[in-house]
Amino acid sequence: MDYTTFRKQVLDKENSVVEQTKEFIKSIEDKTHLNSFITTNFEKALEKASESDKRFLEGEPRKLEGMIIAIKDNISTKGLRTTCGSKILENYVPIYDATVVERLNKAGAIIIGKTNMDEFAMGSSNETSYFGAVHHPLNSDYVPGGSSGGSAVSVAADMAFTALGSDTGGSIRQPAAFCGNIGFKPTYGRISRYGLVAFASSLDQIGTFANSIEDTAALYEVIAGVDAKDSTSANIPVEDTMLNIDNLNPKELKVAILSDVELKNCSDEVLSVYYSILRKIEQQGISIEEVSFDNFDAFIPTYYIVATAEASSNLARFDGIRYGYRAELQNGDDVIVKTRSEGFGAEVKRRIMLGTYVLSSGYYDAYYGKALKARRLIYDNYKKIFNQFDFLFLPTTPTPPFKIGEKLNDPVSMYLSDLFTSSANLGSVPAISIPLGASSQGFSVGMQIQSNHYEENKLLNFSKYMLSL
Ligand code: GLN
């Protein structure tokens, strides 16, 4: 059930927020083997639930009254542990709320807990968390995707109505595609990053997991909008998301698709869903045309240079001195070296080393400088496409979910999971993954839609339309 349906039930006095909260708590307790939560917030959630019920009774429910939501553990929650899936922040309890959390609280949403994630959001499978891997709800031998895997699982396995995640190169869309829910990454700057622990600041974006477009829209409208605490947040009004699909005239829409060469790394299972949807789109009279991304092969290298460079700088703050874990020291030990050696996991260390290398004076021009130029070309390419087309339609991931352990020791193959997602972050455009098919094993297969900057309304409308086909 989605929140929109639940809200109607509560308004019709057929359900209550307290009852529903108890149901979600039971589901979380029954499914601890999925390992989707790092910290739960049951007591507070129940307290807030009875407050919400009161507001419903008094006829004054707020916009997200009683929306039970899970929050990725790299988003700051005052008084509630925020670990980033890392030993270095294992016992870190923030003294402030992220802007998104503040807005959720004001709108009546209820935080049920903090979800497991790849350490510092670095990963595509949710296996790099210090708190252990997250498992796919359909088959625990498989990964749920990452890095926001805990959030995707919490929504897929009935532990919350919705969840927040962060998407730096695909970390919302990819696990949403694997777990069968809707994962939405708005335009860079649409949602304040204040209180989101930084991985790669110029790519990071908070976004949503939900089971319906209505829920996605309601949540987005509350958390989006300019914020004085984040100078990169966009001062562009967030319109009410019109969900009137009747306004959409398919015959006027122009959808761009990638060429077959760009899809060569996709598995047959993903391709068969992709082509069947393309046929459906054509049957609706929507015009489809192939476009070329001259720089398609540069997506992954550019992403991994920009992301690691920024990460190496952002993660310098974890030094064992100001906050977080501090190693036990013996005479002669360097506090920073020992703390970071013990506190960070292997993937985070790999990223810090890569990032430091590409930024080093001898290699800056060859790697980081060049990546910035490539990024600009990717951005320009998007502008060219969206001057001519309404949407770009493409798979979310090249393959359905893979087995736990399958790619852990092969970083390059793991990094290729981001083949179709990272460009939206490099070009700052909004993107959404919606479940539009299934693999032979029954795993959901997600397809992705991207649109021009700040066209979230149009994107959500079209997604709703696509889900209805
Ligand atoms: N999988 C990508 C990475 O490992 C993206 C992560 C993300 O979006 N946070 O960097």
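Counting starts at 1 for both ligands and their atoms, in listed order. Only a predicted model underlies this, so the values are computations on that prediction, with no experimental measurement involved.
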S.K.: Run the numbers for me: atoms of ligand 1, each under 4.0 Å from some heavy atom of G123, listed by number.
M.R.: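 Counting atoms of ligand 1 from 1, those under 4.0 Å from G123 are 1 (N), 2 (C), 3 (C), 4 (O), 6 (C).
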S.K.: Can you classify the ring geometry of F393 versus Y274 as parallel (below 30°), tilted (30 to 60°) or perpendicular (above 60°)?
M.R.: parallel
S.K.: If the cut-off is 4.0 Å to any non-hydrogen atom of A121, which atoms of ligand 1 fall inside it?
M.R.: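 In order of number, 6 (C), 7 (C), 9 (N).
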S.K.: Taking the side chain as every heavy atom from C-beta outward, state whether S76 and V101 have any atom pair closer than 4.5 Å.
M.R.: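 SC-SC contact between S76 and V101 ruled out.
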S.K.: Are K72 and F209 in a cation-pi contact, defined as NZ or CZ under 6.0 Å from the six-membered ring centre and within 45° of the axis?
M.R.: no
S.K.: When you measure from the side chain of Q448 to the backbone of P395, do you find a donor-acceptor pair of N or O atoms at a distance under 3.5 Å?
M.R.: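 Yes, the answer is positive, given that a donor and an acceptor are paired below the 3.5 Å cut-off.
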S.K.: Can you tell which part of S171 has a heavy atom less than 4.0 Å from ligand 1: side chain, backbone, both or neither?
M.R.: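 Both the backbone and the side chain of S171 come within reach of ligand 1.
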S.K.: Would you call R350 and E347 a salt bridge, taking side-chain N to carboxylate O under 4.0 Å as the test?
M.R.: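 Yes.
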S.K.: Would you say G169 has any N or O atom under 3.5 Å from an N or O of ligand 1, going by distance alone?
M.R.: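 Yes - when backbone and side-chain N and O of G169 are compared with those of ligand 1, one distance drops under 3.5 Å.
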S.K.: Under 4.0 Å from ligand 1, counting heavy atoms only, is it the side chain of K72, its backbone, both or neither?
M.R.: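 Within the 4.0 Å criterion, K72 makes no contact with ligand 1.
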S.K.: Check contact between S147 and ligand 1, using heavy atoms of the residue and a distance below 4.0 angstrom.
M.R.: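 Yes.
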S.K.: Return yes when Q174 approaches ligand 1 closer than 4.0 angstrom through a heavy atom, no otherwise.
M.R.: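 Contact absent.
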S.K.: Answer with side chain, backbone, both or neither: which part of D418 has a heavy atom less than 4.0 angstrom from an atom of ligand 1?
M.R.: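 Just the side chain.
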S.K.: Is there a donor-acceptor contact under 3.5 Å from the side chain of H136 to the main chain of F402?
M.R.: no
S.K.: With a 4.0 Å cut-off on heavy atoms, is Y304 in contact with ligand 1?
M.R.: yes
S.K.: Without swapping roles, check the side chain of K349 against the backbone of S341 for a donor-acceptor pair under 3.5 Å.
M.R.: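 Present.
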S.K.: Around atom 1 (N) of ligand 1, find the nearest protein heavy atom and jot down its residue, atom name and distance.
M.R.: S124 OG, 2.8 Å
S.K.: Please report which non-hydrogen protein atom sits nearest to atom 4 (O) of ligand 1, along with the residue it belongs to and the distance in Å to one decimal place.
M.R.: R351 NH2, 2.7 Å
S.K.: Only one of Y92, F120, Y130, F318 forms a side chain to side chain contact (heavy atoms under 4.5 Å, CB included) with C84, so which one is it?
M.R.: F120
S.K.: Tell me the contacting part of F199 for ligand 1: side chain, backbone, both, or neither, using a 4.0 Å heavy-atom threshold, strictly below.
M.R.: side chain
S.K.: With distance as the sole test, does N295 use its side chain to make a donor-acceptor pair with the main-chain N or O of A374 at under 3.5 Å?
M.R.: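 Answer holds: no.
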S.K.: How far is atom 5 (C) of ligand 1 from the closest protein heavy atom, and which atom is that?
M.R.: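 Looking only at protein heavy atoms, the one closest to atom 5 (C) of ligand 1 is Y303 OH, 3.2 Å.
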